[in-house]
Amino acid sequence: MFQDFPKNAEEAPEPAKAEVKGSIPGWLRGTLLRNGPGIFSVGTTSYNHWFDGLAIMHSFAFKDGEVTHRSRFLRSDTYNSNMSANSIVVSEMGTMAYPDPSKSLLTKAITLFNHTVPDFTDNGASNFIKYGDDYFATSETNYIRKIDPVTLETLDKVDYTKYLPVNLATSHPHYDGEGNAYNMGTSIAEKGKTKYVLFKVPAASEEDRAKNAPALSRVEVLATVPCRTLLSPSYYHSFGMSDHYFVLVEQPFRLDILKMATAYMRGVNWASCLKFSPEDNASVRYPRVRRSPLSAPPFERSPLPQTVIHLIDRRTGKEVETRYFAAPMVVYHHVNAFEDAGHVVVDVVAYDDSRLFDMFYLKRSPEAGGAGAPVFSRPSYRRFALPVRPDKGAAAGGDLVGLTYTTARAVKQKEGRLLCRAEVLGEDFDMPRINPGFSGRRHRFVYGSCIEESSSAVKIGKLDTETKELVYWYEDNCFPSEPVFIPRPNGESEDDGAVVSSVVTLSPDQPGFILVLDGRTLKEVARAHVNAELHKDMHGFFIPQEC
């Protein structure tokens, strides 16, 4: 049903109360921001990929059992340039913008240069980030746009490269209890090195507020990890963080920088320079390990593992001595990471290949594999267990995971590295969210979008990682967004709270609505129909209101 969603949105910038059916908990106070692509054609030009669409932001303000909605396009430089030209003139990952043939040679030369050394888009259509007291619309380029979280007005354009050497950065930072933000970016070929950079943006102090200093002016680089290849850094959409460690999954889904520099001249988009390369002529023998009847069956030979899992000590900024490897996979979303009995447990949603990106092409192209629908790429919820300081005297072939509640394995190889194999806790489950109070701690419950042979979520699921039970919310002709868990103040349990999602409908008799579910039962407690069109979006951020 994805083909029904890519149509140009209309913004509704004035606040309007939604029609509430049911009873929204009185303690639920704050604003849910949602972000995603909303304009897919400008003039006679159209985007090729859904991710490329110009951003539209939605806000849902909860107070005293009522919901107020508004929406607004992000007035990025990209948006303004496209609207001024009445044409797509700024390239995105899946869509190259070529100048009108009537343009001058100088204009064409400048356009070519901007694509050889890309000046990326500031169309932040993926998520929202909080740095200090400020909120930013973000994608994964070096640009973020400050916004007013109440009015959704677009404010300053901020360039990461003015504060630290990163050309790309994730839209999924982590936050600690003090309000510090932690994020990660890629520095490409700086001083002959390409590296991953982990950084911290401190919480705003009273002195900072008095000076009105930009949040990024206080950024601290905490660690750097060299890429395995100079001009082919791994793509990543998120990373893990526990109390004492960062977790980076360096996967064989890589961005070829040289191909990217020539993509414009070759008539292909930048996304075509992302390549999943699981193949390798070498092979490695997996030892037979017997754990329990629930363990994955042993096997003899497999392609050489292409995924490296980096475990970085947050206190020292150095990688731990142990080296971790896993079979080829593509991870977009980390669920959580926590420490237990000398292990770092890492939960991710992983795919066996990179076909998910192709499923969001709006029209089939050579980059998307030609004509026809792409093959469905199935996500799985995987748990890895990384022994931090394994017994150096252990024999090769032994499983060094000492946790009894998981069948995840870490098998010692002759050269001392650990070959990690995950326990699969669930299938067809992505866009994971947990109780934010359990970030970096052992969690039990995860909320996410459930997908069935499509790129569009049709259900909201709650996964119990202990019992493996998965319960759903579902309704015909309804397509829910990523669910966001909001804990009840002074809640009695991990799942004591509300699950909130914006829902797009295909029924002409029912407008879109904001859905509120009980976090424990996943039963509906309320919905609020908005007097405006809702849209399939990407990610959201909840800003609690102090009572």
Side-chain angles (χ1 to χ4, degrees), residues 15-34 58-71 429-438 443-450 456-465 467 469-507 509-537 539-547:
K17 285 189 177 181
E19 179 187 356
V20 176
K21 295 182 178 180
S23 179
I24 295 175
W27 60 262
L28 183 52
R29 299 167 64 93
T31 300
L32 175 67
L33 301 178
R34 300 293 306 173
H58 290 263
S59 75
F60 303 90
F62 295 85
K63 185 177 182 181
D64 299 332
E66 296 183 333
V67 179
T68 301
H69 168 262
R70 74 172 87 203
S71 63
F429 184 91
D430 203 346
M431 310 296 275
R433 299 292 288 259
I434 66 171
N435 182 328
F438 282 75
H443 65 283
R444 178 174 177 178
F445 301 109
V446 183
Y447 304 88
S449 300
C450 299
S456 297
V458 293
K459 300 176 182 178
I460 294 173
K462 176 188 179 182
L463 175 66
D464 184 329
T465 63
T467 67
E469 179 186 13
L470 185 60
V471 296
Y472 304 100
W473 176 91
Y474 168 80
E475 187 171 304
D476 287 341
N477 294 317
C478 289
F479 298 86
S481 70
E482 161 203 60
V484 175
F485 180 84
I486 303 168
R488 184 170 68 88
N490 303 313
E492 298 177 351
S493 62
E494 178 186 341
D495 57 351
D496 187 359
V499 178
V500 181
S501 172
S502 61
V503 180
V504 178
T505 70
L506 296 183
S507 172
D509 299 327
Q510 179 175 220
F513 56 93
I514 190 77
L515 175 69
V516 182
L517 306 175
D518 185 299
R520 291 164 294 192
T521 65
L522 216 63
K523 299 295 184 182
E524 180 175 337
V525 297
R527 63 177 63 185
H529 290 280
V530 302
N531 189 26
E533 186 178 23
L534 297 183
H535 317 90
K536 178 179 171 65
D537 58 28
H539 295 293
F541 190 102
F542 183 73
I543 306 171
Q545 178 182 329
E546 298 295 333
C547 296

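Keep in mind it's a predicted model, so treat the numbers as computed, not measured.
Atom CG of L463 sits about 12.0 Å away from atom CD1 of I434, to the nearest 0.5 Å. The CG atom of L32 sits 6.0 Å away from the CZ atom of F62 when rounded to the nearest 0.5 Å. Taking CD1 of I460 as the reference point, atom OH of Y474 lies at 13.0 Å (rounded to 0.5 Å). Summarising the geometry, atom CG belonging to N435 is positioned 14.0 Å from atom CZ belonging to R444; distances are rounded to the nearest 0.5 Å. Distance check: E475 CD to N477 CG gives 8.5 Å after rounding to the nearest 0.5 Å. To the nearest 0.5 Å, atom OG1 of residue T31 and atom CD1 of residue I543 are 6.0 Å apart.
Shown here for V525 and P25, the closest heavy-atom pair between the two residues is CG2-CD, 4.5 Å. The minimum heavy-atom distance between Y472 and C450, with the atom names listed, is CE2-SG, 3.6 Å. Taking each heavy atom of V20 and G65 in turn, the nearest pair found is CG2-O, 3.9 Å. Contact between L522 and K462 at its shortest, heavy atoms only, is CD2-N, 3.8 Å. When all heavy atoms of H58 and H535 are compared, the pair lying nearest together is NE2-ND1, 2.9 Å. Here the shortest heavy-atom pairing between V530 and P511 reads O-CB, 4.0 Å.
Between the side chain of S481 and the backbone N or O of S502 there is at least one donor-acceptor pair closer than 3.5 Å. Side chain of E482 to main chain of G540: a donor-acceptor pair is present (N/O by atom type, distance under 3.5 Å, no hydrogens or angles). Panel note: side chain T505, backbone Q510; a donor-acceptor pair is recorded below 3.5 Å.
The shortest distance between side-chain heavy atoms of T68 and K63 does not fall below 4.5 Å. In this structure the side chain of D64 never reaches within 4.5 angstrom of the side chain of E66, judged on heavy atoms. Side-chain atoms of F445 and T465, non-hydrogen and from C-beta on, never get closer than 4.5 Å to each other. Counting heavy atoms from C-beta on, the side chains of V503 and P480 come closer than 4.5 Å.
Tested against F485 for a side-chain contact (heavy atoms from CB on, under 4.5 Å), the candidates V499, L517, V500, V446 yield a single pass: V499.
Looking at residues two or more places apart in sequence or on another chain, you find a side chain to side chain donor-acceptor pair (under 3.5 Å) between S493 and D495. With sequence neighbours left out, the ring pair (Phe, Tyr, Trp, His ring centres under 6.0 Å) criterion links F429 to no other residue. Taking F60 as the reference, H69 meet the ring pair (Phe, Tyr, Trp, His ring centres under 6.0 Å) condition, with sequence neighbours excluded.
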Derivation of the side chain to side chain contact (heavy atoms under 4.5 Å, CB included) call for E524 and W473: CA-CA 8 Å; E524 180 175 337; W473 176 91; 3.5 Å; yes
Using the rule given for side-chain hydrogen bond (donor to acceptor under 3.5 Å, both in side chains), can you reason through H529 versus E19, listing the C-alpha separation, both sets of side-chain angles and the distance that settles it, and then say yes or no? CA-CA 5 Å; H529 290 280; E19 179 187 356; over 6 Å; no
